[in-house]
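Here's the structure, in structure tokens; my notes come after.
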Amino acid sequence: QVPLVESGGGSVQTGGSLRLSCAASGYTFSRNCMAWFRQAPGKERERVATIATYGGSTYYSDSVKGRFTISRDNAKNTVYLEMNSLKPEDTAMYYCAATPTVGSSTYCAYTGTYTYWGQGTQVTVSS
């Protein structure tokens, strides 16, 4: 059973905005690192944004820094990705993921092994 379910993807024009949500079921992720990844056809998976335990430090890839914001609502067991100023190169399948353990900010951002995954939500940005 997939413990993470993404929603909020869709098609927008360049410059538009979307808000992705990731809801966890059957497991409380408030103590885990949470992240958003994306993968476009023919490209490697990219770690887009991470948020540490209890909504602490955040990390963003250079490609989205200043445009995307990750946040979490532990009471709702949900993580969000606010995406603004979208570009065609943001087109990809976006996945929510979580680590199985608590980790430091560095662990969450760079070395954490994300073992819980959602099934993804498609984001398409047209020019």
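No hydrogens, no waters, no symmetry mates; every other heavy atom, side chains included, goes into these values. The shown structure was predicted, so the numbers you read here are calculated from the model rather than taken from an experiment.
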Residues which pass salt bridge (charged side-chain N to carboxylate O under 4.0 Å, His left out) with Lys65, listed by chain and number, not counting sequence neighbours |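 Per chain and number, Lys65 pairs via salt bridge (charged side-chain N to carboxylate O under 4.0 Å, His left out) with Asp62.
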Filter on salt bridge (charged side-chain N to carboxylate O under 4.0 Å, His left out), then keep only pairs touching [range], sequence neighbours left out; what's left?
range: residues 98-111; result: none
range: residues 98-118; result: none
range: residues 109-127; result: none

So how far is it from [X] [atom1] to [Y] [atom2], rounded to the nearest 0.5 Å?
X: Thr99; Y: Tyr116; atom1: OG1; atom2: OH; result: 9.0 Å
X: Ser61; Y: Trp36; atom1: OG; atom2: CH2; result: 14.0 Å
X: Tyr95; Y: Thr121; atom1: OH; atom2: OG1; result: 10.0 Å

By side-chain contact (heavy atoms from CB on, under 4.5 Å) - contacts of Ala49 (at least two apart) |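 By the side-chain contact (heavy atoms from CB on, under 4.5 Å) rule, Ala49 matches Tyr60, Ile70, Leu81.
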Tell me, please, which residues at least two apart from Tyr94 pass ring pair (Phe, Tyr, Trp, His ring centres under 6.0 Å).
->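 In terms of ring pair (Phe, Tyr, Trp, His ring centres under 6.0 Å), with neighbours along the sequence ignored, Tyr94 is linked to no residue.
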Show every donor-acceptor pair shorter than 3.5 Å between a side-chain atom in residues 10-22 and any protein atom, with sequence neighbours excluded, or say none if there are none.
from, atom 1, to, atom 2, distance (Å)
Thr14, OG1, Ser126, O, 2.9
Ser17, OG, Asn84, OD1, 2.8

Are Phe68 and Tyr80 in one and the same hydrophobic cluster, where Ile, Leu, Val, Met, Phe, Trp and Tyr link if side-chain heavy atoms are under 4.5 Å apart?
->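 Shared cluster, no.
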Expected list for residues 85-93: side-chain donor-acceptor pairs under 3.5 angstrom, two or more places apart:
from, atom 1, to, atom 2, distance (Å)
Asp90, OD1, Arg38, NH1, 2.9
Asp90, OD1, Arg67, NH2, 3.0
Asp90, OD2, Arg67, NH1, 2.8
Asp90, OD2, Arg67, NH2, 3.4
Asp90, OD2, Lys87, N, 2.8
Thr91, OG1, Pro88, O, 2.9
Thr91, OG1, Val125, N, 2.9
Thr91, OG1, Val125, O, 3.4

Which pair of heavy atoms, one from Ala52 and one from Arg72, lies closest together, and at what distance?
->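 Distance-wise, the nearest heavy atoms are O-NH1, 2.9 Å.
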Sequence neighbours left out, what pairs pass side chain to side chain donor-acceptor pair (under 3.5 Å) with at least one residue falling in residues 101-114?
->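 Of all non-adjacent pairs touching residues 101-114, those that pass side chain to side chain donor-acceptor pair (under 3.5 Å) are Ser57-Ser105.
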With distance as the sole test, does Glu6 use its side chain to make a donor-acceptor pair with the main-chain N or O of Gln119 at under 3.5 Å?
->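 Checking the backbone N and O of Gln119 against the side chain of Glu6, a donor-acceptor pair under 3.5 Å is found.
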Pairwise disulfide (SG to SG under 2.5 Å) hits with a residue in residues 98-127, at least two apart |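 For residues 98-127: Cys33-Cys108.
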Pick one: which of Leu4, Thr78, Asn74 meets side-chain contact (heavy atoms from CB on, under 4.5 Å) with Phe29?
->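 Filter result, single survivor: Leu4.
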